[in-house]
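Letters go in sequence order (proteins before strands), and every chain restarts at 1. Every value quoted in this text rests on a predicted model; they were computed, and no experiment measured them.
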Amino acid sequence: MKTSGKALAEKVKQIKESDMLSIRSESLPTWCPGCGYFGIQQGLNNAIQQLGLSHHKIVNVTGIGCAGRYAFFNDAYGLHVVHGRLLPVATGVKMANPELTVFAVGGDGDGLAIGAGHLPHMVRRNVNVNYMLFDNSTFGLTKGQISPTSPIGTVSKASPSGNVDTPLNATLMALSYGATFVARLYAGDPKHNTAIIKEGIKHEGFSIFHFYSSCVTFDKVYKTWNNLKDNVHPLPPTYDHANLKHAIDHVLEDDFSMGIIYKND
Amino acid sequence: MKTSGKALAEKVKQIKESDMLSIRSESLPTWCPGCGYFGIQQGLNNAIQQLGLSHHKIVNVTGIGCAGRYAFFNDAYGLHVVHGRLLPVATGVKMANPELTVFAVGGDGDGLAIGAGHLPHMVRRNVNVNYMLFDNSTFGLTKGQISPTSPIGTVSKASPSGNVDTPLNATLMALSYGATFVARLYAGDPKHNTAIIKEGIKHEGFSIFHFYSSCVTFDKVYKTWNNLKDNVHPLPPTYDHANLKHAIDHVLEDDFSMGIIYKND
Amino acid sequence: MLKNDITVEICGTSGDGTIAAGGLLNEAMSRAGFSVIAYDSYPSEIRGFGRCVTKSRFGLEQMLAFSDKVDVLISLNDSQSYSRTPFLAKNAVVLFDNKPLAKVKEGGSIAAHVGPDANLFGVPLINLALEAGAVRKGKNLAALGAFVALFGLDPDFFRPVITNKFKTKGAEVIETNIKIFDAGFNSTLNNYGEQAVEALFAPVKNKNKGKILVSGNAAIAKGALDAGLELYFGYPITPATPIMEIMAKELPLKGGKFQLMEDEIASIGAVIGGSYAGKRAMTATSGPGLALMAEMISLGVMTEIPAVIIDAQRAGPSTGIPTKTEQSDLHAAVFGGPGDSPRIVIAPTNVKECYEYIVKSLQLAEKYQTPVIMLTDCFLNNRVENVLLPEKSSDQMKDCNIYPDNSEKGNYKRYKITESGISPRAVPGMEGFVFSSTGLEHTNDGKPADTPQIHMEMNEKRHRKILNALNDLPEPEEFSTEKLLDLGLITWGSSVGAALEATLKAQKKGLKVGMLKVPAIYPYHSDHISNFMNRCQEILIPELNFTGQLANLIGHLHKKVVLRLNQTTGEPILVCDIINRVEDILAKINK
Amino acid sequence: MLKNDITVEICGTSGDGTIAAGGLLNEAMSRAGFSVIAYDSYPSEIRGFGRCVTKSRFGLEQMLAFSDKVDVLISLNDSQSYSRTPFLAKNAVVLFDNKPLAKVKEGGSIAAHVGPDANLFGVPLINLALEAGAVRKGKNLAALGAFVALFGLDPDFFRPVITNKFKTKGAEVIETNIKIFDAGFNSTLNNYGEQAVEALFAPVKNKNKGKILVSGNAAIAKGALDAGLELYFGYPITPATPIMEIMAKELPLKGGKFQLMEDEIASIGAVIGGSYAGKRAMTATSGPGLALMAEMISLGVMTEIPAVIIDAQRAGPSTGIPTKTEQSDLHAAVFGGPGDSPRIVIAPTNVKECYEYIVKSLQLAEKYQTPVIMLTDCFLNNRVENVLLPEKSSDQMKDCNIYPDNSEKGNYKRYKITESGISPRAVPGMEGFVFSSTGLEHTNDGKPADTPQIHMEMNEKRHRKILNALNDLPEPEEFSTEKLLDLGLITWGSSVGAALEATLKAQKKGLKVGMLKVPAIYPYHSDHISNFMNRCQEILIPELNFTGQLANLIGHLHKKVVLRLNQTTGEPILVCDIINRVEDILAKINK
Ligand SMILES: Cc1ncc(C[n+]2csc(CCOP(=O)(O)OP(=O)(O)O)c2C)c(N)n1
Ligand SMILES: Cc1ncc(C[n+]2csc(CCOP(=O)(O)OP(=O)(O)O)c2C)c(N)n1
Ligand code: SF4
Ligand code: SF4
Ligand SMILES: [Mg+2]
Ligand SMILES: [Mg+2]
């Protein structure tokens, strides 16, 4: 399982040379092999690369959790803050220097448990920050307790007889707060995600990307790759992402459609 | 303006004797004359009275703000906590002793600014607490700054050139979190409110009452009595409060319909 | 009565125009050349029923504190103001309405509550107001007129102030108010004659030229603006709210940005974010908000990001008494937050220092890449003084950041260990200096690390850096007449004024008493402080908190147990309370 | 090597079954009658690449701390374990795989990294596992077998432990694992003979009867459950999470309620709510969470509502090093939050006290109507010891609330001023005792009040009450051989064990050294402590934080400057580091 020093150096070299991935830092991700976050990062890297953003003009403000470690895996300015507070910090960064492209990157526990109070206000301020919400329905870094998005019945060490608390739907929440760019994306589809991420970055105002991801280490039952793969699908062809009512009605019925759910420029 | 000691004693006596108001404590409310909260309290008193709840089995957990002072104006157990945390505290009270009727009472600043992170989780737990959200679109106690529900353009000392942040809609938020009892009520109509409050108290699970109220001291322009009166109206006769999609669609279109917006037993 | 130092209280409800009258009085007296210190007290509920008291002291030198007793009580509402009579000085002047509209029940007039020594001046305030202006509310202006007449002041200092106050209301309103003022003035002159009481010493004209009458809060806001503040994030809380409200108005006019946040955690979070991105940023709060900020402040310590936080202390614990003063957040300011989190804590002691220290705080935060907490308190935030503030200067606006050298490009170590403990700091946008920062312990290039060596080294660096900041912090200031002292007072913050006045009085009496003012709370000048202690037989630390928080912090520097004078009345400490204690202690020493 | 006191490390990655092997070893050695203390260390990232080390010390008496050096190193992965060789004792035993599957590059074997004094025992661990069970992963069991053979232990203590460990996996798995264990045992016996190393002293059989092998966290959970805990609210955070996870499972089985909350503020809020309504409630967190709780803890102080908070300290500041130990939240525990907020802070020093003190904390919180913070640290939370815990008893479950008398019905004053400071407390649901509580300063019947008198009186009451709790708090314990001492150590929390071992060693050498263990951090037994200090020429306070937080708190009680030994390595303090410092100090004194 351990990658030898030499193989590692080789890998880094390859990555550096491939133009597509130049945003990745020399510290390789310490995520578990198979973690959904690799796929999310890939889509993000592509988008950044294709938009030709200068690395020194990118700031990644990240939360606490496996997701938050993202700050160390990018060749960009990174600020790994305390648990749940990435959005206020990102607000400060962007207001200080609007020329920076600011990403807020954190997990579902970070953003929807301890940090849930900041999302509505981030939406209200509509500061041009791109929020990458890595939702694996678990507290990965603290070893797999249920999170606010865990399905009813989820068994974990914090819910030995199964979760009984209604899960939250971050996409719906963002819509109800009045968000102007809401995308729902599947970690396993970086190609599809790239274009949407680019569109969100270009959106003038706050954008939220709700990524469905898989924690292969602590979740062998619920949001597994297989379960995700079997369920995700594109938005219907007739879908109109400029219509809020339409979007909300759709989201109330379909939990697994992926794409730009709502956009209002 | 000052009420003399004797007149005050007389008033208290009257109140004590009128069966309808026996829940009011000997400390008369210190709210400004004309404050919308008197009307809310009236409806609440009526409901408690009509349900015949024993005062010593009622706990009012209240937040910080003019609204939070409610704890002192009732002949019931009162716990006036810190700013924004009434819902977690109320959770503890109710879980400790399910025989108590627990009210959480606080303002829009308390519940939707500093406390915004607790509402989704209160909804998720669905603990049988009755949340009376006194929404006057201002921070009353700190002298009239804009709150999370202030309309765009609101001028205040914290927004001298007018508010630019999109207001939040607490009713819609509660629905998007999956709340099972959501009512929207007008402070000026205690009679109408009484029946609905009774229904919410009886609802097994978390109930949220979103009261539209007026701060006569600091808001002479926006949510004034006149503006509210001119705008509020009943829900349409065909309204189906058992249908979530219907409810959300309605709320997206109508900001001023009053009644039970959603109920799911 | 001292003719060049008087303390005046105006008392009534807010419906009586109490606070407004106090404001006019202070402004006019400042114009007349007096030094002014003034402080209002009002209830924490909104509606206008509670008692309001404005207290002002006027004199010739800079006022250090209030006097213990009130020389003049102006009653706008006897049912409120009779509670103030215990605080009257001997032979005090009491000005009241001797023809109130409603019949007053027996004993209801303030006249029934004052001692036989008091000089009672009944003036038909409401009647005069009704006659002159047909507005009952104008009684506060009638009272001001009466005051001016009694003390032989020149009414022309008052008239422009009144005009200015009502200028937005139109000429008619101005005229009416001037008329009422004049009616009060003339009626009093007619009834009581020119020398009814000893006239006030007329100060030198233009003595206050250049001075402005400002509150501590206004001075803080002005200082921050003059220092080129770029970002303000905040959430309202008494008594810090006015700083935020001034910023909301002024900062955007100067090209900065103001944002109301959803709570205090978000406020300090955004400050950290803004500072990280290279801008001068601050917030202001009170104890409950500071508590919420503790985790984020610790992040600022760990990531070495500047942040300036005003903690406008109020009576605690918990929500406490929001409108009353106390110095009880010192512990929380110095020690709050997880782990060993050294940060700078400083405390101005008067309105002028509010201005100076906020400038200093913003600069220190940048230079030392650290959170700086500036401790004020309700009394200091809300009191007004007429002071000569420094001009805005390029020195105040100076960018104090230490940036990395171009040679470090491409091989930049954000957390390089240096002698000073300061590592040159790049900010996002700079090419060739990309780095990461984290609240995790980290290597010198900002990557997470958990080895004993790195943690020890980095802890040492962070502490060394803050200790080095001592060189840039305001030094303790000593007020002693002799080398060896029987008693040394050590004080901080808003209590310094009263302690100094007490010290000077004691020294005049020939007592061997000295005083040390400590403006840097953390890090503190321990050599300087223990030097002073060594020269004193006893040390007394008076402060407005229950356990003696400064005494807890620095007490170990003394060879003996330090003595404490702790008050939690919600009110500023009185000069007489300090003197009494000083004399007690000296009596014991000398017997 | 001492034959009745050995320290064993197993080192490898988590993929090597390192932690599992350590667990089996500890359990079996406990069965064999040894006293056990053990502590694992692992990286804070999730994936299985980082180094895992389990450290165990086995002996005959209760183990106070780890020894400074490692007597036996069992390497499951040479590329990880060679980094442990600097910690080896002289003549240490090193057990390693001498036939690893892959070819090891030169110098890659641990054999190349040990000193010439080491006793190397190569055992073909993987080969044996593959042969006996066809599972490479079984090498950890082969290693255990080899260990047993080398030290002449009875394998029958191990077999049932292995059986038990795999009992849910079925008979086949059990059999395979026993086979691998036996293969390791036999192969080693065959290759190295019976007396390869000095055998371990065989402890008295059944010596550990009744004892259980538990971690500090498990002991806390068990104590709370035995004390009749009714409500647990929490949010995961290292190293406190296991307490929450045990509660999630066990509390509902005992009729209590568990609720995962959205954050730490909500957790302490719900605890306050639940306690207010009369139930026994608690939460557990670490430094960052404690910081967030500070405002609510201050509410608990003001409203006089019980609350028990475990603060499982970890290396700070900020997120720090989540999986490493430190004693650096003392300041925050004692001083966090706005205003003068006195609360109880206590610190157990070993696993048994984790059990005892949580029971005590829950009872104290009720009796004194106050938040109680129990300070543990990563080392104490995670280390396991085999201890004899008290039986669950009705005494532990006793309702310690002081309720109002029936005569107070209808005229109940919730915050009545009493001599003890404790006001009898009614809980919602009781008829005739309706009252209000508030974080605002209040009258004795709980209504908001802002007068100087009330604030002073209530502040005094709250502080008096907490000072009175001193009578019920665990007393300092002294370990001295003489009355007058050259040096006195004062210690707290998880560092007590090492300090005591150092003290005993120094005493054996005839040095005049004593030690005082301080379990009550706030309020503290100042008379007792200063008595001890007075009998010592010098005082040394060793603790795992940078500034000397206990020294800061109690240092002023000494007539001289207290000496400090501060370490922030993330690791438990070593006995030898304390002894070295002790000897240094004594050398200076006696010269
Ligand atoms: C104030 C605070 N509380 C708790 C923690 C412990 N903690 C670290 S990560 C985490 C949850 C992580 O879950 P999520 O945000 O979903 O990220 P993931 O690991 O799944 O990517 C928690 C609770 C902390 N670091 N700080
Ligand atoms: C932690 C904290 N932050 C800020 C405050 C100051 N504060 C008191 S009340 C209030 C807002 C009140 O607004 P709302 O909840 O809408 O109540 P209202 O007065 O309008 O009824 C604020 C910000 C506080 N008490 N505590
Ligand atoms: S624990 Fe889960 S979320 Fe964390 S890195 Fe591993 S797979 Fe990913
Ligand atoms: S300030 Fe506004 S909200 Fe508060 S009591 Fe007065 S009218 Fe009501
Ligand atoms: Mg997650
Ligand atoms: Mg409001």
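The part of A/L100 that comes within reach of chain C is its side chain, from C-beta onward, which places non-hydrogen atoms under 4.5 angstrom from that chain. Only the side chain of C/I305 has a heavy atom closer than 4.5 Å to any heavy atom of chain A. A/V59 touches chain C through its side chain: at least one heavy atom from C-beta onward sits under 4.5 Å away, while N, CA, C and O do not. Contact annotation for C/V427: only backbone heavy atoms (N, CA, C, O) come within less than 4.5 Å of a heavy atom of chain A.
In terms of heavy-atom pairs under 4.5 angstrom with chain A, the leader among C/G439, C/G278, C/G429, C/A281 is C/G429. Between chain A and the options C/L231, C/I268, C/V271, C/I272, the largest number of non-hydrogen pairs under 4.5 Å is found for C/L231.
You'll find the side chain of C/D226 stays beyond 4.5 Å of the side chain of C/V359, heavy atoms only. Residues C/V301 and C/P342 are in side-chain contact: their nearest non-hydrogen atoms beyond the backbone lie under 4.5 Å apart.
When atom types are taken as modelled, the side chain of C/K461 and the backbone of C/G421 share a donor-acceptor pair closer than 3.5 angstrom. Under the 3.5 Å distance criterion, the side-chain polar atoms of C/Q363 are matched with a main-chain donor or acceptor of C/D395. For the pair C/H455 (side chain) and C/T451 (backbone), a donor-acceptor distance under 3.5 Å is absent.
Here the shortest heavy-atom pairing between A/V123 and A/G178 reads CG1-C, 3.5 Å. Summarising the geometry of A/V102 relative to A/A90, their closest heavy-atom pair is CG1-CB, 3.9 Å, with the distance given to 0.1 Å.
Residues satisfying the side-chain contact (heavy atoms from CB on, under 4.5 Å) test with A/A174, not counting sequence neighbours, are A/A179, A/V182, A/I208.
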List, with distances to 0.1 Å, the donor-acceptor pairs found between chain C and chain A - the cut-off being under 3.5 Å and no angle criterion applied.
{"from": "C/K257", "atom 1": "NZ", "to": "A/M95", "atom 2": "O", "distance (Å)": "2.8"}
{"from": "C/E262", "atom 1": "OE1", "to": "A/R125", "atom 2": "NH1", "distance (Å)": "2.7"}
{"from": "C/E262", "atom 1": "OE2", "to": "A/H118", "atom 2": "ND1", "distance (Å)": "2.9"}
{"from": "C/K279", "atom 1": "NZ", "to": "A/A96", "atom 2": "O", "distance (Å)": "2.9"}
{"from": "C/V427", "atom 1": "O", "to": "A/Y77", "atom 2": "OH", "distance (Å)": "3.4"}
{"from": "C/G429", "atom 1": "N", "to": "A/H56", "atom 2": "O", "distance (Å)": "2.8"}
{"from": "C/M430", "atom 1": "O", "to": "A/Y77", "atom 2": "OH", "distance (Å)": "2.7"}
{"from": "C/F435", "atom 1": "O", "to": "A/G78", "atom 2": "N", "distance (Å)": "3.1"}
{"from": "C/S437", "atom 1": "N", "to": "A/G78", "atom 2": "O", "distance (Å)": "2.8"}
{"from": "C/S437", "atom 1": "O", "to": "A/H80", "atom 2": "N", "distance (Å)": "2.8"}
{"from": "C/T438", "atom 1": "OG1", "to": "A/H80", "atom 2": "ND1", "distance (Å)": "2.7"}
{"from": "C/G439", "atom 1": "N", "to": "A/H80", "atom 2": "O", "distance (Å)": "3.3"}
{"from": "C/K447", "atom 1": "NZ", "to": "A/S27", "atom 2": "OG", "distance (Å)": "3.4"}
{"from": "C/K447", "atom 1": "NZ", "to": "A/F72", "atom 2": "O", "distance (Å)": "3.3"}

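Between atom NZ of residue C/K360 and atom CD1 of residue C/I344 there is a gap of 10.0 Å, rounded to the nearest 0.5 Å.
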